[in-house]
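Note sheet for the following structure.
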Amino acid sequence: MIFRASQLFLPTLRDDPADADAVSHKLLVRGGFIRQVSAGLWTFMPLGWRVHRKVEQIVREEMDAIGGQEILMPLLTPIELWETTGRANAANFAFRVEGHPYLLAPTHEETVTFHAREIQSYKQLPQLWYHFSVKDREEPRPRGGLLRVREFIMKDGYSFDRDDEGVKRSFEANREAYKKIFARCELEAYDVQAESGVMGGKFSVDFLAPSGSGENVLVRCENGDYAADGDIAQAVPHVPTFPETLVSAEEVVTPGITTCESLADFLGIDVAATSKAMPVTKPDGSVVLALVRGDDRLSEMKLYDALPGASRPSTDEEIRAAFGASGGSLGPVGFSGEVIADETLRDGQFVAGANKDGVHLRGVQAGRDFTPRFADLREPKEGDRCPLDGGHLNFQTAVEVGHIFNFGSFYSKPLEATFLDEDGQEKPLLGGSYGIGPGRVMAAIVEQHNDDNGIVWPASVAPYDVHVVALPGAEEIAEQAAEALSALGKDVLLDDRDQRAGEKFADADLIGCPMRITAGKKSLEDGKVDVRDRATGEERRLSVADLGKEAW
RNA sequence: CGGGGCGUAGCUCAGCCUGGUAGAGCGCUCGCUUUGGGAGCGAGAGGUCGUCGGUUCGGAUCCGGCCGCCCCGACCA
């Protein structure tokens with residue numbers, strides 16, 4: 001089909017919007033793909049919606065290919081369902097409908113499980129249902145254009161199986177479908193073990209796409225054998241240079257020294273040979289000491305895993321009461337509460353606070369001077385090695401473009417979605433959830449596919465296949481070129497506006513269709529047009545007749 | 001929710017410090033000339049300066065409240 005730029009609502013902007021920071025945010029707004037309505041609320045303009053639909057269609061095809069069946073569930077969700085599963089109170093991220101017993105669905109596990117109650121027999125399993133629908137979430141802080149929003153369209157799929165084997169099969173089928181989706185979108189994305197959230201199932205995988213702007217850190221081994229979310233990555237730090245070993249811990253006066261760095265300087269030792277004490281207070285009021293190496297940072301996510309429950313950093317008063325000293329001089333020796341030490345502290349002797357202001361202990365050894373529980377607590381950092389093969393680890397900011405996880409009978413039990421199994425037993429359905437946000441995928445694609453002049457869409461998701469630029473005098477030839485391509489089934493954007501050549505070229509680069517065809521003065525002489533590859537900039541001259549013969 | 005920044009024309013911004021009644025560039029409309037990488041000349045349209053209140057003879061400008069937006073952090077099925 002041919003689409004005439006002179007008649008489209010395609011407001012491109014010469015300048016970057018003042019409030020944009022992320023590349024995808026700037027380019028999608030400048031290119032006229034999206035417009036902001038309010039914080040985290042966006043309208044997809046005609047061009048942006050075309051791209052969104054292309055991404056959707058790829059997702060749809062891959063879901064159908066693994067037996068998915070498309071449905072559509074309502075946005076309004078009875079709160080009663082959420083009360084039944086116990087999520088009503090936890091759902092502080094949901095928008096309530098004031099005066100009505102509904103909430104605007106932030107996700108659809110409850111609703112889909114409500115329908116799954118119609119499944120009666122193992123003979124009907126497995127099932128895989130999915131829909132594209134609006135999700136509303138009270139995000140604390142929307143940001144980065146489409147990267148984090150309060151309302152968005154999500155493809156959420158849900159599987160129901162009879163046993164663990166089926167669950168695993170459904171999960172892996174979806175994992176593979178997701179890989180195909182990202183490959184078709186030419187989006188570089190990695191499946192990594194997800195941080196264990198509230199669901200906490202062992203099948204919980206995030207798909208992270210490296211991008212210039214994002215909220216996740218993707219940790220990846222140079223050898224390609226390891227990829228993980230920075231929050232839970234198990235990276236191997238360098239081995240510290242230890243000072244001489246002591247038979248027993250001894251005090252050393254360290255006046256005014258409260259940081260590990262200054263402590264190491266003062267003693268002339270490796271910071272990695274010191275330990276850092278992070279006291280936290282549990283909900284019951286007891287103080288637990290988390291201990292990491294002096295050159296490491298405590299990962300709150302890992303601490304949460306090691307110490308379930310909502311613990312928080314202890315207050316100065318609590319620290320004083322529990323240790324008899326202030327922050328900066330704290331250590332495990334002599335502390336009566338629980339100590340959780342990072343694995344890096346298992347072997348070797350470290351300098352630790354002496355629980356006396358201005359005093360530290362050298363030669364402190366786990367097992368001899370204190371008895372900790374060991375856990376992985378450290379935040380991975382640049383310079384760490386791969387836990388599998390010792391390779392160099394790369395750290396990249398990334399966007400979560402998909403999340404798949406298994407929720408077992410978390411919803412089916414309370415909602416009484418059961419089936420009769422082969423053995424005559426009534427059992428709860430075992431569910432899985434598979435989410436992907438086409439809008440976020442769009443933004444991630446732009447993050448990965450752009451240059452100084454604008455977006456470089458992969459052909460599979462480009463708003464149009466070809467952008468035909470008609471320059472003065474050659475309108476006729478441009479029309480012919482557009483017709484020829486349209487006849488081949490291509491979607492053609494024909495720039496027939498009364499604008500300068502430079503402006504048309506700049507817009508074409510910004511909008512980023514994979515191919516640009518220019519008909520101008522030269523075309524009047526030889527009947528040929530310039531065919532330019534957006535990604536490579538390569539240009540060749542072809543006759544309009546040859547356009548149809550070329551492979552695209 | 002904590003920290004920081006910003007709200008002036010459709011867009012990007014200046015003016016504010018040192019109060020005197022609003023500007024530039026781009027875009028838009030009309031005319032003429034131009035026309036292969038964001039044209040030139042001429043003539044126009046367009047803003048209750050986020051909002052409410054205070055100080056003042058006088059507020060875009062000074063003071064306070066509120067609202068909105070962006071960034072960092074917290075949070076994130």
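By convention in this document, chain letters (A, B, ...) are assigned in the order of the sequence lines, proteins followed by strands, and residues within each chain are numbered from 1. These numbers come from the heavy atoms of this one structure, side chains and all, not from hydrogens, waters or symmetry mates. Owing to the predicted nature of the structure, the values given are computational and were not obtained by experimental measurement.
- Per the geometry, CG belonging to A:Leu208 stands 17 Å off P belonging to B:rC76, to the nearest Å.
- Taking atom CD on A:Glu503 and atom C1' on B:rU34, their separation rounds to 14 Å, with Å as the unit.
- In this model, a side-chain donor or acceptor of A:Arg500 finds a partner on the base of B:rU34 within 3.5 Å.
- Using a 4.5 Å heavy-atom threshold, the side chains of A:Glu70 and A:Arg60 count as touching.
- Contact annotation: A:Ser38 side-chain N/O to B:rG68 OP1/OP2 distance is not under 4.0 Å.
- Residue contacts shown for A:Asp530 include a base, since a base heavy atom lies under 4.0 Å away.
- Within residues 136-150 of chain A, the residues having any heavy atom closer than 4.0 Å to RNA chain B are, in order of number, A:Arg137, A:Pro140, A:Arg141, A:Pro142, A:Arg143, A:Gly144, A:Arg148.
- One donor-acceptor pair, N or O on each side, does fall under 3.5 Å between the base of B:rG37 and the side chain of A:Arg516.
- Side chain of A:Lys522, nearest nucleotide from B:rG36, B:rA77, B:rG38: B:rG36.
- Of the listed nucleotides (B:rG27, B:rC76, B:rA77), B:rA77 has the atom at the smallest distance from the side chain of A:Phe93.
- Taking atom P on both B:rA45 and B:rA22, the two are 15 Å apart, rounded to the nearest angstrom.
- The A:Gln36 side chain lies nearest to B:rC69 when the options are B:rC69, B:rG36, B:rC11.
- Taking atom CG of residue A:Leu13 and atom C1' of nucleotide B:rC13, one finds them 15 Å apart after rounding to whole Å.
- Taking atom P in both B:rU51 and B:rG40, the straight-line distance is 35 Å, to the nearest Å.
- Here, B:rA14 and B:rC49 have their C1' atoms 13 Å apart, quoted to the whole Å.
- If you take atom P in B:rC63 and the same atom in B:rC6, they sit 13 Å apart, rounded to whole Å.
- Using atom C1' as the reference point in both B:rU61 and B:rG7, the two lie 15 Å apart (nearest Å).
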